[in-house]
Number of protein chains: 2
Amino acid sequence: MTDPGPGVALDTVLGKAVALLRAFRVEDTVLPLAELVRRTGLPKGTAHRVAGDLVEHRLLDKTPHGYRLSGGLFELGMRAATERTLLELAMPFLQDLYERTHETVHLGVQEGSEVVYVAKIGGHRQARSPSRTGGRMPMHCTAIGKVLLAHAVHEVRDDVLGGELERRTPHTVVAPGLLRRQLSRVLETGIAHEREESTVGLLCIAAPVLDPDGRTALAAISVTGPVGRFRPDAHETALRAAATALASTLARRRGGALRTG
Amino acid sequence: MTDPGPGVALDTVLGKAVALLRAFRVEDTVLPLAELVRRTGLPKGTAHRVAGDLVEHRLLDKTPHGYRLSGGLFELGMRAATERTLLELAMPFLQDLYERTHETVHLGVQEGSEVVYVAKIGGHRQARSPSRTGGRMPMHCTAIGKVLLAHAVHEVRDDVLGGELERRTPHTVVAPGLLRRQLSRVLETGIAHEREESTVGLLCIAAPVLDPDGRTALAAISVTGPVGRFRPDAHETALRAAATALASTLARRRGGALRTG
DNA sequence: GACAGCGTACCGGTGAGTGGAACGCCGGCA
DNA sequence: TGCCGGCGTTCCACTCACCGGTACGCTGTC
């Protein structure tokens with residue numbers, strides 16, 4: 001069901017088109033036709049034609065070296081109501097937080113059993129982190145993920161805790177019991193920690209942006225920095241302030257739908 | 001040619017799908033099926049089915065009140081190489097600029113004969129501006145637009161200057177001659193001004209992010225603030241610094257393609 | 001100079017997609 | 001209460017858009 005598998009129904013035109021678009025990973029810039037064929041499994045001729053159609057519709061750009069996701073797609077993506085509303089309302093708070101900490105600040109939401117980063121802001125001295133705006137990360141090894149997981153519905157929590165907890169670094173928590181205990185503490189303290197669990201050399205703390213009901217988390221905010229200079233405790237207050245302030249702003253502007261429910 | 005018209009070839013499945021997605025304007029959050037039918041001109045049954053397919057492919061969300069652009073589209077859009085690379089490399093400079101000015105900061109690129117905003121960052125006190133990340137604005141009445149227009153190829157410049165210069169406010173420059181003179185000054189000074197030309201009550205200055213060749217502008221950065229407290233001259237230095245610093249960063253990391261050329 | 005990998009183009013068969021029509025549901029209005 | 005317009009949904013037989021195997025020309029590389 002939730003398993004997207006490698007290919008999503010290639011028997012329909014739309015499926016092929018989406019497969020071509022999704023063939024692009026976050027780190028890709030330009031993919032030649034042959035690579036698209038390899039990744040999607042589409043027949044060469046078909047891929048060629050559909051890609052051409054996508055170019056006409058401004059979803060792909062054609063370059064001498066292959067295809068590239070087009071700016072039209074960027075525009076379209078920025079119209080996604082949930083993410084854009086969240087982003088616009090959150091930006092001032094993220095700015096404040098960045099100014100106070102001068103460390104990388106993230107805003108993330110839960111999507112399925114993973115985290116999607118809606119915003120990432122940082123300066124020149126930012127720690128080298130693998131996260132990207134619009135990118136995904138597992139929940140069990142990131143501070144934002146733990147916060148969201150702690151507040152998630154039982155179904156998702158059990159799903160993640162029951163599934164494989166991928167070891168990303170020597171410090172990744174892969175024991176379900178330990179992780180469950182950490183999640184309990186997150187609910188008590190309102191703060192989640194990550195200590196080199198997704199990337200060696202990186203520390204992170206996160207706080208939830210709670211729904212007015214106080215149980216479900218609409219999003220989470222985090223501050224990340226490198227081992228050595230980064231003192232998590234020093235930023236807790238600012239982080240909490242940002243998260244709760246954003247929460248009450250969201251509660252006020254409850255006009256736009258921020259969740260499917 | 002560059003006129004997309006209202007509908008883009010509804011005779012193909014892909015065309016219909018794209019039409020449905022593009023039916024969403026920046027300010028829309030949820031659109032009922034009937035509204036989609038109205039905007040696209042598709043037969044009701046068809047719209048229903050295609051929208052359903054789009055939901056399956058995670059490009060649309062279905063809510064009790066209608067359809068909404070899905071988070072999957074946000075993720076996809078953020079993979080658009082040009083915009084994302086630019087955004088990631090620019091963010092630290094935009095942060096610096098914001099910290100120094102505490103006014104709204106924009107990053108924009110030229111797309112056709114319009115401006116597309118790739119980033120917009122601001123704090124709580126930000127001026128109420130109509131711009132949105134991922135949104136479009138005309139070139140003739142915005143500071144970023146004027147900068148890009150001044151450096152654009154003759155074709156585009158003549159196209160814009162020859163076309164209708166929409167009057168957005170009483171201050172909008174709608175005389176081609178005057179505008180052309182302003183553009184010349186932009187080339188001389190390296191700074192473009194906007195004085196309530198797109199929105200009453202708003203001032204803005206912008207500077208180009210130049211290609212190493214020094215002629216074409218890859219993007220533009222601007223600082224915006226409200227009439228009254230906003231002193232354009234006070235921010236010129238910081239703005240120039242940000243723009244040139246970003247330019248040399250881009251020149252260095254010339255790996256990824258930032259233009260079709 | 002043979003070859004492998006790529007992008008491109010062609011084209012007849014066919015089944016996925018089409019869209020008109022009809023249904024049931026609601027909420028507004030008289 | 002009963003009518004009516006607008007909406008979302010479902011159905012189905014026709015047909016034309018799409019499919020993908022095949023073939024071509026181009027480029028680098030052994």
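Hydrogens, waters and symmetry mates play no part in the numbers below; they use all other heavy atoms, side chains included. Convention: sequence-line order gives letters A, B, ...; per-chain numbering from 1.
- Partners of Ser113(B) under the side chain to side chain donor-acceptor pair (under 3.5 Å) rule, at least two apart in sequence or in another chain, do not exist in this structure.
- For Arg58(B), the salt bridge (Lys or Arg N to Asp or Glu O under 4.0 Å) criterion is met by Glu111(A), Glu75(B), not counting sequence neighbours.
- Listed by chain and residue number, nothing satisfies the ring pair (Phe, Tyr, Trp, His ring centres under 6.0 Å) test with Phe24(B) (two or more places apart in sequence, or in another chain).
- For Glu35(B), the salt bridge (Lys or Arg N to Asp or Glu O under 4.0 Å) partners are Arg38(B), Arg39(B), not counting sequence neighbours.
- Residues passing the ring pair (Phe, Tyr, Trp, His ring centres under 6.0 Å) test with His65(A), sequence neighbours excluded: none.
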Query raised in the report: Could you run down nucleotides 12-23 of chain C 5' to 3' and tag each one B, S or - for protein heavy-atom contact under 4.0 Å?
Result: -----SBB----

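- The line from OG1 of Thr133(A) to CZ of Arg84(B) is 9.5 Å long, rounded to the nearest 0.5 Å.
- Comparing the local axis fitted to the first five base pairs of the helix from dG1(C)-dC30(D) to dA30(C)-dT1(D) with the one fitted to its last five gives a bend of 30°, rounded to 10°.
- Taking the 5' to 3' direction, DNA chain D first and last meets chain A under 4.0 angstrom from a heavy atom at dC18(D) to dG20(D).
- Rounded to an integer number of Å, the gap from Leu36(A) CG to dC6(C) P is 12 Å.
- By the side chain to side chain donor-acceptor pair (under 3.5 Å) test, Glu88(A) is found to be paired with Arg132(B), residues two or more places apart in sequence or in another chain being considered.
- Scored by the ring pair (Phe, Tyr, Trp, His ring centres under 6.0 Å) test, Phe93(B) finds His124(A) as partners (sequence neighbours excluded).
- With sequence neighbours left out, Ser131(A) forms a side chain to side chain donor-acceptor pair (under 3.5 Å) with His106(A), Lys120(A), Ser129(A).
- If you take NE2 of His48(A) and C1' of dC6(C), they are 11 Å apart, rounded to a whole angstrom.
- Rounded to whole angstrom, the span from the NE2 atom of His65(B) across to the P atom of dG27(C) amounts to 13 Å.
- With sequence neighbours excluded, no residue forms a side chain to side chain donor-acceptor pair (under 3.5 Å) with Thr46(A).
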